[in-house]
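Have a look at the structure below, then the notes.
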Amino acid sequence: MSSHNLAADLRPLVDGDLFTAENDLAAYSEDFGRLVYRKPAIVVQPSTSRSVSKVMEYANRHSIPVSTRGEAHSQTGQSLVEEGIVISTRGLNQIGQLDHPRSMVPCQSGVVWGDLVRHLDTQGLVPRVLTNNLGVTVGGTLSVAGIGICSFRHGVQGDNVLSLEVVTPTGEIMRCSESENASLFNLVRSGLGQFGIITEAEILVRERLPRNRTYMLLYDNLEAVLNDSKKIMQEGRLDYIESWCVPLPVGFKEEDGRKRAFGEWFFPLHITREFSPDQPPKEAEDLAGLSPYRTSHVEDRSALDFAFRLEPLFELWKRSPYWGNTHPWMEVILPWEASSFYVKTVLEKIPPPMLGGGHILLWPSSGRTSKVPLFKRPPGEFVLGFGILPGIPKDYVQPVLEALDKASAASMMFGGKRYLSGWVRFSRDQWKQHWGEDWNRLCDAKKQLDPNRILNPSFIDFE
Ligand SMILES: Cc1cc2nc3c(=O)[nH]c(=O)nc-3n(C[C@H](O)[C@H](O)[C@H](O)COP(=O)(O)OP(=O)(O)OC[C@H]3O[C@@H](n4cnc5c(N)ncnc54)[C@H](O)[C@@H]3O)c2cc1C
């Protein structure tokens, strides 16, 4: 159906904006990955669940493909659709009244986490789990998982919602939670927008202390940083934990008849405690028994500054060529026991220039705190998230994609589970392997909830 006809049909159904101009459609044809291009026929930006429901009912009746799009920070076209309808959640941006007794704030799914953080901070509150990037939407992260640097304690963002309002692919508006329509609740959390559109979420919040102290430690040894991370998590002595791998280019060496750039790796570990000014942290106690190569810096900041701590990095990225490049990010959650060997092997094979200014993330966490069934991670008490986050000019990306596909396949051989917002090029067998015993149930649920397969059609190869 042409953009023109769609606009005429959808206009009376939608409270909110509709876009069909070429430059608007172009803006909604790419995501942060800049690797996939799919041009929609129309973009609708509803401001009510009712409008979302009417659009879905219409799309289902006419078998028109639909993708839900938050801020499109995913990287393999998860939020894009070819010649269909993009439902942009930017118009679903209202934050509701705080429910103090239930420690919960309701909000629409297009609310950007950063806005919610600012809103709650004035009341001394914070969402229980925050992602590093606060420029993404509530619906976008709940649909993937929403991993944060205190997930070792509180699970992912999907664990920290009391209930959701969902519009099904046939246009029904449903509430779901652990006790009401639980199967839908468990399909839309980490369901990659395949089973319904989240329109509202009741988000758990907690009181936070006003200040944060971060110890910025540096390691020159992977085992040491992993051991210290495990110790911190086991003892629960600090509130937040995050780490990276940083290459130091050393030179070029001869390999297979070619000169190849190589480097050594260092590992910053940032560990943070919340505190009240009348009870300052005791550094000797906080760092007791840890064995960094060096303590680089200790930083005290407000809770709000801490939540936005990576903004300077993102600003730098935005002002450098990195932002405009392709971003085939490959993230995986590894079994703790296999993680050191896997990470070392991969790091040995990554020439420093391959990152193009990006970095490599280490995310030590508990394997037990999340209960979201579709957020797949390996069994075991601890797990290690590992992410290669390059920014590559389009002309040079093909060999990098091949290398990343190999690293992805190898991680799965080691029992890892991919995090699905990044660069994912799975065969049907890999999808089956990823979902494991849930695969048949998911295929059945897709058939039942989305009989015309209109919702986010191009990502998962369902049977
Ligand atoms: C710089 C950067 C840092 C990041 N840091 C983290 C991090 O610390 N932790 C982490 O977990 N992730 C992180 N990510 C990944 C990011 O959180 C995910 O890509 C997230 O999905 C992006 O949210 P979005 O609003 O952009 O969603 P989109 O990319 O627009 O959508 C993602 C998926 O969710 C679906 N979707 C979106 N909204 C809805 C809805 N309302 N209902 C149903 N389905 C929906 C889409 O169809 C798509 O499949 C980071 C990404 C970037 C670029």
Side-chain angles (χ1 to χ4, degrees), residues 49 52-53 56 67-68 70 74 78-79 89 102 104 106-109 127-129 131 137-148 151 154-204 333 365-379 383 417-421 424 426 431-451 453-457 459-463:
S49 312
V52 176
S53 149
M56 288 313 294
S67 258
T68 321
S74 41
Q78 288 90 332
S79 66
T89 60
R102 293 165 78 212
M104 177 280 284
C107 65
Q108 287 185 302
S109 63
R128 281 159 59 100
V129 180
T131 51
T137 64
V138 164
T141 59
L142 292 179
S143 300
V144 181
I147 295 173
S151 286
H154 300 300
V156 295
Q157 289 177 324
D159 289 290
N160 291 284
V161 287
L162 284 184
S163 78
L164 299 171
E165 182 191 76
V166 173
V167 174
T168 67
T170 50
E172 212 177 328
I173 302 178
M174 293 178 79
R175 261 280 141 206
C176 59
S177 65
E178 291 288 3
S179 54
E180 181 185 6
N181 297 316
S183 66
L184 185 63
F185 192 55
N186 289 336
L187 283 167
V188 291
R189 291 181 303 156
S190 298
L192 296 154
Q194 293 288 338
F195 304 98
I197 299 179
I198 301 169
T199 42
E200 281 178 27
E202 292 190 324
I203 296 173
L204 285 172
I333 301 167
S365 193
S366 157
R368 302 259 159 86
T369 45
S370 179
K371 305 281 180 264
V372 175
L374 295 189
F375 168 49
K376 292 291 171 194
R377 62 272 167 196
V383 293
K417 291 287 182 187
R418 287 292 312 278
Y419 194 63
L420 297 174
S421 67
V424 181
F426 275 180
W431 279 117
K432 280 187 181 175
Q433 186 183 346
H434 176 84
W435 296 115
E437 59 189 20
D438 286 327
W439 174 248
N440 290 335
R441 183 174 74 80
L442 290 184
C443 291
D444 289 347
K446 183 72 180 168
K447 266 183 222 148
Q448 196 204 336
L449 285 166
D450 186 6
R453 300 228 177 166
I454 57 166
L455 202 46
N456 285 19
F459 191 51
I460 301 178
D461 184 18
F462 286 109
E463 273 167 31

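Since this is a predicted model, take the numbers as computed values, not measurements.
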Given 3.5 Å as the limit, does a donor-acceptor pair link the side chain of Ser53 with the main chain of Ile173, or not? no
Judged by atom type as modelled, is there a donor-acceptor pair below 3.5 Å linking the side chain of Gln157 to the main-chain atoms of Leu142? no
I want to check something: taking the side chain as every heavy atom from C-beta on, are Ile147 and Ser370 in contact at a cut-off of under 4.5 Å? no
Output for pair (Arg175 CZ, Glu180 CD), nearest 0.5 Å, gives 8.0 Å
Just do the side chain to side chain contact (heavy atoms under 4.5 Å, CB included) check on Glu178 and Phe185 with the steps written out, would you? CA-CA 7 Å; Glu178 291 288 3; Phe185 192 55; 4.0 Å; yes
Is a side-chain N or O of Lys417 found less than 3.5 angstrom from the main chain of His434, in a donor-acceptor match? yes
Salt bridge (charged side-chain N to carboxylate O under 4.0 Å, His left out) involving Lys432 - partner list, sequence neighbours excluded: Glu463
Short side-chain donor-acceptor distance under 3.5 Å, Glu165 and Ser49: yes
Look at the side chain of Asp159 and the backbone N and O of Lys371, then say whether any donor-acceptor pair between them is shorter than 3.5 Å. yes
Rounded to the nearest 0.5 Å, what's the gap from OG1 on Thr199 to CD on Gln108? Could you check? 8.0 Å
Is it the case that the side chain of Gln78 and the backbone of Leu420 share a donor-acceptor pair, with hydrogens and angles ignored and the cut-off at 3.5 Å? yes
List the atom of Gly196, the atom of Pro169, and the distance in Å for their closest heavy-atom pair. CA-CD, 4.2 Å
Do Asp450 and Gln194 make a side-chain contact, defined as non-hydrogen atoms from C-beta onward lying under 4.5 Å apart? no
Could you walk me through whether Val144 and Leu192 satisfy the side chain to side chain contact (heavy atoms under 4.5 Å, CB included) test, starting with their C-alpha distance in whole Å, then the side-chain angles of each, then the deciding distance to 0.1 Å, before giving a yes or no? CA-CA 6 Å; Val144 181; Leu192 296 154; 4.2 Å; yes
Reported CG-to-OG distance for the pair Leu449 and Ser183, which is rounded to 0.5 angstrom: 7.5 Å
Could you tell me the separation between the OG1 atom of Thr168 and the CG atom of Leu184, rounded to the nearest 0.5 Å? 8.0 Å
State, to 0.1 Å, how close Arg189 and Leu164 come at their nearest heavy-atom pair, and which atoms those are. CG-CD1, 3.9 Å
Nearest heavy-atom neighbours spanning Val161 and Ala201: CG1-CB, 4.3 Å
Run the side chain to side chain contact (heavy atoms under 4.5 Å, CB included) test on Thr68 and Leu455 for me, step by step, so that the C-alpha distance in whole Å, both residues' side-chain angles and the decisive distance to 0.1 Å come before the verdict. CA-CA 8 Å; Thr68 321; Leu455 202 46; 4.2 Å; yes
Lys/Arg-Asp/Glu bridge criterion (N-O < 4.0 Å) met for Arg441, Asp438: yes
Verify side chain to side chain contact (heavy atoms under 4.5 Å, CB included) between Leu442 and Phe195, making sure each step is shown before the conclusion. CA-CA 9 Å; Leu442 290 184; Phe195 304 98; 3.9 Å; yes
Asn160 backbone acceptor or donor facing Arg128 side chain under 3.5 Å: no
Candidates Ser366, Ser365, Ser151 - the one meeting side chain to side chain contact (heavy atoms under 4.5 Å, CB included) with Val383: Ser365
Shortest non-hydrogen pair, Ser163 vs Ser177, comes out as CB-CB, 3.8 Å
Are any non-hydrogen side-chain atoms of Val138 and Cys107 less than 4.5 angstrom apart? yes
Under 30°, 30 to 60°, or over 60°: which ring-plane class applies to Trp431 and Phe426, parallel, tilted or perpendicular? perpendicular
Heavy-atom side-chain contact between Val156 and Val129 under 4.5 Å: no
Just by distance, do the side chain of Arg102 and the backbone of Leu162 share a donor-acceptor pair under 3.5 Å? no
Separation of Met56 CE from Ile197 CD1 (nearest 0.5 Å): 4.5 Å
Would you mind reporting whether Asn440 and Trp435 have side-chain heavy atoms less than 4.5 Å apart? no
